[in-house]
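Everything below concerns the one structure shown next.
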Amino acid sequence: MAGVEITEQLSELRKDFPIFADIEATRPFYYLDSAASSQRPAVVIDTMNRYYRHSHANVHRGVYGLAEEATGIYEAARRHLGRFIGASDPVHEIVFTKNATEALNLVVQGLGRVLLTADSHVLLTEMEHHANLVPWMILQEQLGFTIEYLPFDAEGLLVLDDLDARLERASILGVTLMSNVLGTLNPVAMLSERAHAHGVVVVGDGAQFVPHFATDVRELGVDCLAITGHKMLAPTGIGALWAKAEILEQMLPFLGGGEMISDVRLDGFTAGEIPHKFEAGTPPIAEAAGWDAALDYLEMVGMDAISRHDRQLTTYAMRQMRERLDDRIKIFGPQDVTKRGGVLSFELADVHPHDVAQVLDQHGVCVRAGHHCAKPLMRELGVGATARASFYLYNDEHDVDALVDALLDAYQLFHG
Amino acid sequence: MAGVEITEQLSELRKDFPIFADIEATRPFYYLDSAASSQRPAVVIDTMNRYYRHSHANVHRGVYGLAEEATGIYEAARRHLGRFIGASDPVHEIVFTKNATEALNLVVQGLGRVLLTADSHVLLTEMEHHANLVPWMILQEQLGFTIEYLPFDAEGLLVLDDLDARLERASILGVTLMSNVLGTLNPVAMLSERAHAHGVVVVGDGAQFVPHFATDVRELGVDCLAITGHKMLAPTGIGALWAKAEILEQMLPFLGGGEMISDVRLDGFTAGEIPHKFEAGTPPIAEAAGWDAALDYLEMVGMDAISRHDRQLTTYAMRQMRERLDDRIKIFGPQDVTKRGGVLSFELADVHPHDVAQVLDQHGVCVRAGHHCAKPLMRELGVGATARASFYLYNDEHDVDALVDALLDAYQLFHG
Amino acid sequence: MNDLDDLYREIILDHYKNPRNQGVLEGPTVHAEEGFNPLCGDEVKVYVQVEDGVVHDIKITGQGCSISRSSASLMSQAVKGQSLDEVKATVSRFKRMIAVEETEDEPEPVDLRVIGELAALQGVVKFPVRIKCATLAWNTLMLALDEESHSV
Amino acid sequence: MNDLDDLYREIILDHYKNPRNQGVLEGPTVHAEEGFNPLCGDEVKVYVQVEDGVVHDIKITGQGCSISRSSASLMSQAVKGQSLDEVKATVSRFKRMIAVEETEDEPEPVDLRVIGELAALQGVVKFPVRIKCATLAWNTLMLALDEESHSV
Ligand SMILES: Cc1ncc(COP(=O)(O)O)c(C=O)c1O
Ligand SMILES: Cc1ncc(COP(=O)(O)O)c(C=O)c1O
């Protein structure tokens, strides 16, 4: 089977991730929680070490060679990330943040305060992560606009019947490229086109999508995109907002402080140029170096190979779950694997997700259980929590087999 | 001389910082820019490596063992930092941020929106870093209150003549514990006492002070304190706000997203408990682990030993500069070393600070040149830029000697 | 997993599958309170009937994971028939046994002979995330009793 | 430091200590513009007198570091007597020589024989922070000429 071949080929890469050998030396370890955070290849860890051991100084303004070196490393990461997602102006269009959540808060406050008034409408979806809901709600408390939500159907697909009518009212559309619970891949290129026809600005949440699919912001048509490093082999503590230069230009500054100004007087300040205008204080420099190395690694593997691998594993997992657990398991989200990424939320009959995760952990299988920071979505599904398994390039069929074995054991334990 | 002895003893620790040996293998290296960012001991780098190689998972909510382990590491760092600064409730009073700047923006927005109206007064000082100026100016644009500034005198000491009259008008006092340009140590315990007598809340900027002096927030009397990791041997990408629990309780949430909520519905959200209410999104986990290790290291050395060492080097440097450069150099800030930390801003006669820094770099001496993110202060000094040398535990007299040698060379070059 | 763990697991599963004191109470001396676990949306409702300063009866409804349901069931057994002071002591012993997130210090050692079957939940200390599951019913009981003491 | 560096250093120091074309210009055909380096507060003022499409005269005042002052001085020498088109070409050659932060690509190779003494500033590429010092006068000149072309 071609699928298994490719999967095996990719999972060769597993040895590049030291955590697997280190943990497996003492206990079984099946890491199926990459949608929460991925593991890191040695090259990312080593790059950060090298940075701290050879090149660390604060960036910008420093005239001495070491500071120039650190600045060069940091700015090179910016350009690399810009190229990685197809930005037309990588030097100016990437703002580094601490995570995707800060990136979304930045665009909500920076752009929202410019575009929105009490009469405005913001269109979101019912499958958004809290990171693309709560910032809008905070701004709403300050400005008083209306938020509307696109619902989703039983398959976990957005219902777009009255899309144009809603876009007609809206100033901004906020939508996730891929749901972190349902795995749903949203038709973002089409949504952006329709949104632009109504003059609506599109804010994409790329936290789940960008780590798993070749991303070209020009093809997607979004105007802004939030990204996070730790889900794509990079360190914790770094994320980014990409936005078209003309959007960044009109956005108000958000965090105030050093680096983001052109002048400060006692009676006011003048903001600096993009993207620095949005990067107040000492940035995550070592983390940017690590992200740069992670991008190299992902490019070396190939994003299309990763997407194929995810899909094959998802297909295999859905089949195994159905075959071996039949009606004892319910898988949420699209049943058609071409409409979803490698994230599987499920319910094991009459076993609480916390208990599922705890029993699985006894088998060394790591899955997440909870509301996955998507409470409105959970309410819509009619559950309080789900268990969720998610795949990345270092996973293979053994992980899936261990998952299904452990699920059978959990079922047994609670029904035996 | 006792001074030199202690200095030599401490500078033994230099070998714990791999960057020195690594760079010195190929070129001279005198790092005198720790006020911008410090270097890291191997134990900090190794702790982060160990974290990524053995323990990484996303924190909170994860039921499996690895997620519990990562959460434990992250929360242990929080408690350690709280104890390190004498917080009475370390579990609840430390909010991790990306840097001191974010910490200040958080308290300005979170507390300012609660305490301030258009009629309010906020009292700052003319020696604040942009990080404790611009956030207030951004909020001022939104709410319209008045900002007043305490001036400083020719020695770089705050002028407090009309302090009570100003406090009488004010709701909040924002003050740096130590100036990053002048080195001035502000009388914060006294200021806090006077402020509290007028019901004024005190926001301290501890970015420069905490890395160099034993800190006890109860003794200082401040209500909130911003701190940053990278200036105290910890990784980039992490900072913290400490605030009294009752202050945090009344603060509005700032960044919205995952982890900071207790519930989210389509029509609104309920914020979670402190400190999580202020930590939206995936936090800097590896960075917290690294900071924890940095605190261990600082405690092992002893904060009082570090302060003494800084003072001895500062004394030595001021004497050497005066003796060998006499009236060709002007040192800003207090001439009395007991009133300052180990930060020396200076002017070399008729040589632009950029040129000073560049020539020094040719000698391997790293100093910062520029406005040091304190433009109002620079304007007050009547200069556009200064050169600045700053000391930390790994520096010794050789660094100072190299600095003065290089300054003589720079003078020669531009006057020869 | 050693034998003790197995024993504990059996107790938890037993109380999860056959929760004691399930149901509702009615009447003028009954106080009821609802609790809610923000982590997973689990809910519990505790009914207590206090007479002459003694927990005369207690009943519980709601849904949750094995930890939260067994904890509620074990709690109902432990406090039924206790005086209000005894209930307070039981709650505090239980919380000390599992409290690790809330205080800076290590949990105080608890005499397992005193705490009885509740000891089955001791393993939760190792899983701070699930402490909220284990304490849900207990916090809800305390709220119900608070209400009772105010109404007297 | 090799000999070429030494030579360049000498040129820079020479122009720093003895800046050419210092002073002010007055008159109806003079355009003046002020520039300002946000990095260090340095200021420059450029006066140009254009006649028949040719930079007839240029003068500079202001204070700054060795890079910004020598760059201004070298610029004044280079453009004096040039036609507006030639000035544009010179500016663009100079910027390509040192531009590294602004574009994604490596700086284009520039024929050092064409650029003359200006080549002394080439070393700035290695210090991106100081590119702002090197370009301050040039950007200010362009603003002054823009103004001039608008006023015609
Ligand atoms: C006094 C002072 N406050 C605040 C900051 C900002 O710190 P950070 O860059 O870590 O946000 C600095 C450092 O640059 C500082 O020196
Ligand atoms: C869809 C989605 N958006 C946003 C986020 C937030 O990312 P971060 O935690 O890095 O801020 C996540 C991850 O938790 C996510 O899955």
Side-chain angles (χ1 to χ4, degrees), chain B residues 26-28 33 36-37 126 129-130 133-134 137 180-181 330 332 345-388 406-407 409-416, chain D residues 1-19 22 34-45 60-74 98 100-101 120-138 140:
Chain B
T26 61
R27 60 181 198 265
D33 197 21
S37 196
E126 289 189 355
H129 186 280
H130 292 163
L133 293 174
V134 183
M137 294 172 176
N180 64 315
V181 181
K330 176 175 172 188
F332 296 102
S345 281
F346 56 87
E347 202 174 32
L348 189 65
D350 297 326
V351 189
H352 192 283
H354 277 177
D355 292 323
V356 171
Q358 200 97 55
V359 176
L360 264 51
D361 187 41
Q362 306 277 332
H363 292 257
V365 176
C366 305
V367 301
R368 193 133 293 232
H371 55 61
H372 314 293
C373 298
K375 286 201 126 194
L377 182 155
M378 303 309 280
R379 220 162 258 139
E380 199 48 42
L381 290 182
V383 298
T386 73
R388 181 189 74 184
L407 284 172
D409 185 51
Y411 187 85
Q412 209 55 43
L413 187 66
F414 284 93
H415 290 83
Chain D
M1 212 179 284
N2 62 32
D3 295 348
L4 198 65
D5 276 352
D6 269 347
L7 171 68
Y8 284 168
R9 187 154 86 165
E10 239 166 63
I11 296 175
I12 291 174
L13 278 175
D14 173 33
H15 280 264
Y16 173 59
K17 293 182 190 168
N18 312 296
Q22 281 262 311
E34 246 176 331
F36 166 77
N37 185 344
L39 219 64
C40 53
D42 285 348
E43 284 168 15
V44 68
K45 191 155 183 179
I60 288 166
T61 59
Q63 27 144 272
C65 63
S66 59
I67 301 297
S68 87
R69 284 179 69 175
S70 62
S71 180
S73 171
L74 284 160
I98 59 163
V100 68
E101 268 239 303
L121 287 162
Q122 202 195 14
V124 173
V125 206
K126 282 182 284 173
F127 307 100
V129 169
R130 306 207 63 187
I131 288 176
K132 282 214 162 57
C133 311
T135 51
L136 179 60
W138 297 78
T140 313

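These figures come from a predicted structure and were not determined experimentally. Just so it is clear: chains get the letters A, B, ... in the order the sequence lines come, proteins before strands, and each one is counted from 1.
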- prompt: Looking at E43(D), R130(D), Q63(D), which makes the most heavy-atom pairs under 4.5 Å with chain B?
  reply: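 The option with the most such pairs is R130(D).
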- prompt: Is the shortest side-chain N to carboxylate O distance from K17(D) to D350(B) below 4.0 Å?
  reply: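 Looking at D350(B) together with K17(D), the answer is no, because their closest N to O distance does not fall below 4.0 Å.
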query: What pair of heavy atoms forms the shortest contact from I67(D) to D355(B), and how long is it?
result: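 Nearest heavy atoms, I67(D) then D355(B): N-OD1, 4.3 Å.
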- prompt: Hey, mind stepping through R69(D) and H352(B) against side chain to side chain contact (heavy atoms under 4.5 Å, CB included) and telling me if it holds?
  reply: CA-CA 11 Å; R69(D) 284 179 69 175; H352(B) 192 283; over 6 Å; no
query: Going by atom types only, do H354(B) and D42(D) share a side-chain donor-acceptor pair under 3.5 Å?
result: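 There is no such pair (donor and acceptor under 3.5 Å, judged by atom type) between the side chains of H354(B) and D42(D).
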